[in-house]
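Here the structure is laid out as structure tokens; the discussion comes afterwards.
Every chain is numbered from 1 and lettered A, B, ... according to where its sequence line falls, protein lines coming before strand lines.
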Number of protein chains: 2
Amino acid sequence: MPRVAASTEKKITALLKRQALSVTESRKRILQYFLDQPGALSHGDIEKKVGTTFDRVTIYRTLQTFVDRGLIHTIPSADNAVRYALCKDECGDGHHRHEHIHFVCQQCHHTFCLDEVVTPVLKLPKGYSPRQVEVLVQGKCKDCTETAKK
Amino acid sequence: MPRVAASTEKKITALLKRQALSVTESRKRILQYFLDQPGALSHGDIEKKVGTTFDRVTIYRTLQTFVDRGLIHTIPSADNAVRYALCKDECGDGHHRHEHIHFVCQQCHHTFCLDEVVTPVLKLPKGYSPRQVEVLVQGKCKDCTETAKK
DNA sequence: GAATTTTTTGCAACTATGTTGCTATTTTGG
DNA sequence: CCAAAATAGCAACATAGTTGCAAAAAATTC
């Protein structure tokens with residue numbers, strides 16, 4: 001019996017229900033995919049993974065729904081491929097609260113949330129009112145640095 | 001006689017020549033467009049402006065060339081529309097040096113380089129080596145704040 | 001300054017990405 | 001299990017980005 005899988009399934013269902021979302025196959029699979037890996041995912045990544053099972057349009061709409069409900073957040077990119085990552089509990093229906101920065105590895109091309117690094121407070125020129133600060137760091141990630149040493 | 005226009009023309013030609021680029025109509029017009037306004041431009045913006053005169057493909061290639069030669073730099077976005085802005089003199093063929101942050105106005109949707117705001121130095125978790133830091137601030141820009149007051 | 005070489009452009013065709021309207025299917029709640 | 005509501009899939013479309021190739025323009029050479 002797949003005990004672990006069953007418990008993940010429950011967790012996923014709970015997450016969806018908490019946001020008053022219908023529990024559908026596509027939503028479960030896509031959410032599962034996010035939980036199964038540590039990084040951020042683009043629409044393309046998800047389509048490659050489940051594109052034969054679900055329609056492209058369904059994936060677009062699912063991602064949009066997840067963003068709206070505060071399950072995932074978007075991460076800007078320099079390559080026209082917006083990525084999505086799971087939110088922490090503070091986010092919810094219609095609002096996001098994120099203070100962390102994002103890291104893009106130039107070697108493995110994965111994107112990660114660095115939850116422990118808080119976005120800095122910036123002094124802007126007179127007249128500019130900041131509402132949200134997004135920090136995107138490019139470099140070499142932990143895994144790639146470690147495997148390089150071996 | 002269009003004295004100003006003529007001097008701009010010379011400036012543009014000089015900019016192109018400095019990077020050992022052929023001086024062509026499309027390159028002049030696109031560079032002109034960047035100089036004529038203070039913000040950042042997306043491929044779409046440029047196509048709207050000069051798309052009847054020049055082919056879409058030419059615009060793509062021109063932008064890529066300008067990036068390669070250090071004339072313009074890319075600005076990541078959260079909406080799958082990478083923007084480009086003029087570089088300062090420190091950039092050149094094959095290398096970019098940018099320490100400034102970018103500001104996206106949520107009202108007028110323009111993107112600006114805030115050259116006077118330097119990207120912060122961040123303390124990253126062990127194992128992560130940063131190579132480049134990109135800061136994207138969203139909020140209300142100077143112009144939109146001022147016009148709102150009236 | 002004309003001829004030759006080199007570079008760039010435009011076109012066509014194609015792939016990828018993202019959107020919308022509508023109908024069929026699934027999910028939910030009684 | 002049934003009716004209502006929500007979601008998924010399909011088709012068609014719109015936009016974005018790429019590649020190869022021949023024609024045109026710019027740079028170079030004499």
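- Ring centroid separation for the pair B:H43 and B:Y60 comes in under the 6.0 Å cut-off.
- OP1 or OP2 of C:dT7 has not a single side-chain nitrogen or oxygen of B:S22 nearer than 4.0 Å.
- Using a 4.0 Å heavy-atom distance criterion, B:S26 is classed as a sugar-phosphate-only contact.
- Atom NZ of B:K48 is separated from atom P of D:dA14 by 16 Å (rounded to the nearest Å).
- Following chains of ILVMFWY side-chain contacts shorter than 4.5 Å, one can reach A:L35 starting from A:L21, so the two form part of one hydrophobic cluster.
- Residue-to-nucleotide proximity on DNA chain C shows that, of A:V57 and A:E47, the 5′-proximal contact is made by A:E47.
- The closest donor-acceptor contact from the side chain of B:Q37 to the backbone of B:G39 lies under 3.5 Å.
- The hydrophobic clustering, which links ILVMFWY residues whose side-chain heavy atoms are closer than 4.5 Å, places B:L41 and B:F103 apart.
- Across the protein-nucleic acid pair, A:L63 atom CG and C:dG18 atom C1' stand 12 Å apart, rounded to whole Å.
- Rounded to whole Å, the distance from CD1 on B:I59 to P on C:dG10 is 9 Å.
- Judged by distance alone with a 3.5 Å cut-off, a donor-acceptor contact links the side chain of A:R61 to the base of D:dG9.
- With distances taken from any side-chain atom of A:Y60 to the nucleotides C:dT8, D:dA8, C:dT19, the minimum falls on C:dT19.
- Between the C1' atom of D:dA27 and the CD atom of B:Q19 lies a distance of 17 Å, rounded to the nearest Å.
- Map B:H43 and A:D55 each onto its nearest nucleotide of DNA chain D; the residue landing nearer the 5' end is A:D55.
- For D:dG9, the base has no donor-acceptor partner in the side chain of A:R56 [N/O atoms by modelled type, under 3.5 angstrom].
- With B:N80 contributing its side chain and A:V82 its backbone, the two residues share a donor-acceptor pair below 3.5 Å.
- Whole-Å rounding puts the B:Q64 CD to D:dT19 P distance at 11 Å.
- Within the structure, every side-chain polar atom (N or O) of B:N80 is placed at least 4.0 Å from both OP1 and OP2 of D:dA16.
- Here A:S42 lies out of heavy-atom contact (under 4.0 Å) with every strand.
- Atom-to-atom, CZ of A:R27 to C1' of D:dA6 comes out at 8 Å; the value is rounded to the nearest Å.
- The nearest whole Å value for the distance from the CG atom in B:D79 to the P atom in C:dT19 is 11 Å.
- Between the CZ atom of B:R29 and the P atom of D:dA25 there is a distance of 16 Å, rounded to whole Å.
- Sequence order on DNA chain D of the closest nucleotides to B:E25 and B:G44 puts B:G44 first from the 5' end.
- One finds no side-chain N or O of A:T24 lying less than 4.0 angstrom from the OP1 or OP2 phosphate oxygen of D:dA6.
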